[in-house]
Protein chains: 2
Amino acid sequence: MTVSIEAGRGAAAPGDAFNGDCPGRTVLNHVCSRWGTLILLSLRDGPVRFSALRDTIGGISEKMLSQNLRTLTRDGLIERSVEPDSPPKVSYALTDLGRELTIPLEGLLDWIGSRTIEVVKAQRRHDRQHKPGA
Amino acid sequence: MTVSIEAGRGAAAPGDAFNGDCPGRTVLNHVCSRWGTLILLSLRDGPVRFSALRDTIGGISEKMLSQNLRTLTRDGLIERSVEPDSPPKVSYALTDLGRELTIPLEGLLDWIGSRTIEVVKAQRRHDRQHKPGA
DNA sequence: CAGCATCCAAAAGGATACTG
DNA sequence: CAGTATCCTTTTGGATGCTG
């Protein structure tokens, strides 16, 4: 089995995302999930409240938002804080760990912002060539 | 309903990943899917054959590999080429568009490689505090 | 307001069998 | 080798209703 482990080391690198059994894969899946990236990026400019997140991220349900928020909090990437008011005010913010992560994520977002048009063109080109319709 | 488009702007930016209806969201989902990121990153060092990809990406099934490969090809991010041999040799390579994308993606992978340990620690800390067992 | 629980629909994903 | 097709399981996600 091609599980080449760094000579001598007792364990495979935990951060190896290519290895389906490594924690790194789990982290990748949390961060790079349907909603994870958008949630993290929504927090770039400071703490944001639950309802604001829901409004910022088009199409997310409260259930999914809540669920992802819990996962990312557990991962130490974001932090939850409650102001004991009535009605309650809960906001979420990036931790230092999470903030590091937004650097490549922002690069990804920027790329999408500028290159999506190219992708759409490619899709159309592809569809024309492969569905020579009648 | 509630399709509030940012007032003032003539059209919603196609690349706005925060908007659930924009092509940018679709692109984000293709790139940042369970397998998309790993496939793209597997192609960093040049063309790779189907079976090699399957072996590199731990846990992926042939079905998912094939499916994602088709999607990313349609998006213009990777390119499929066949050497007409018997048995056939098919390989996949990044396009210029796809290569740009690997820059932030690589940043993400690097972060995972170096910070996964911190994430695991955070998870354990969290679990200890929230499951005060007995 | 922020959220969890429940129920149900839809999509992703895996195993297997089969083709050029 | 490099897939496709089919079937079936698992996961994801949404709608709704209820709490502090």
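Lettering follows sequence order; numbering is per chain, from 1.
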Tell me: [atom1] of [X] to [atom2] of [N], nearest whole Å?
X	N	atom1	atom2	answer
A:Y92	C:dC1	OH	P	15 Å
A:M64	C:dT6	CE	C1'	13 Å
A:K63	C:dA2	NZ	C1'	17 Å

- [ ] Name the closest nucleotide to the A:R70 side chain, picking from C:dC1, C:dG3, C:dC4.
- [x]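 Shortest atom-to-atom distance from the side chain points to C:dC4.
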Task: Summary of side-chain hydrogen bond (donor to acceptor under 3.5 Å, both in side chains) pairs that have at least one residue in residues 26-44 of chain A, sequence neighbours excluded - done: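 Of all non-adjacent pairs touching residues 26-44 of chain A, those that pass side-chain hydrogen bond (donor to acceptor under 3.5 Å, both in side chains) are A:H30-A:D75.
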Task: Proximity to DNA chain D (any heavy atom under 4.0 Å), residues of residues 23-47 of chain B only - done: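 The answer is none.
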Open item on the list: Using a 4.0 Å cut-off on heavy atoms, which residues in residues 51-62 of chain A reach DNA chain D? List them by number, or say none.
Closed with: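 Contacting residues: A:G59, A:S61.
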Task: By salt bridge (charged side-chain N to carboxylate O under 4.0 Å, His left out) - contacts of B:K63 (at least two apart) - done: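 Not a single residue meets the salt bridge (charged side-chain N to carboxylate O under 4.0 Å, His left out) criterion with B:K63.
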Where [X] and [Y] come nearest, the two heavy atoms and their spacing:
X	Y	result
B:T116	A:P23	CG2-CB, 3.6 Å
A:L69	A:T73	O-OG1, 2.6 Å
B:C22	B:A13	SG-O, 3.1 Å
A:G58	B:R25	O-NH2, 2.8 Å
A:M64	A:I60	CB-CG1, 4.0 Å
B:P104	A:G107	CB-C, 3.7 Å

[Y] and [X], any side-chain heavy atoms less than 4.5 Å apart:
X	Y	result
A:I112	B:V31	no
B:L97	A:W111	yes
A:L77	A:T71	no

Open item on the list: With a strict under 4.0 Å distance from non-hydrogen atoms of chain A, what nucleotide opens and what nucleotide closes the contacted stretch of DNA chain D, reading 5' to 3'?
Closed with: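 Taking any atom under 4.0 Å from a heavy atom of chain A, the span is D:dG13 to D:dG20.
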Task: Phosphate OP1/OP2 of C:dC4: any A:S66 side-chain N/O under 4.0 Å - done: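 Yes, because at least one side-chain N or O of A:S66 sits under 4.0 Å from OP1 or OP2 of C:dC4.
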Open item on the list: Would you say A:Y92 ends up clustered with B:F18 if hydrophobic residues are merged whenever their side chains have heavy atoms under 4.5 Å apart, either directly or through other cluster members?
Closed with: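 Yes, B:F18 connects to A:Y92 through the hydrophobic network.
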Task: CG (B:D96) with more than 12 external heavy atoms under 6.0 Å - done: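 Result for CG/B:D96: open.
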TODO: Starting from the first five and the last five pairs of the helix from C:dC1-D:dG20 to C:dG20-D:dC1, work out the angle between the resulting helix axes, to 10 degrees.
DONE: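 Axis angle across the helix from C:dC1-D:dG20 to C:dG20-D:dC1, nearest 10°: 50°.
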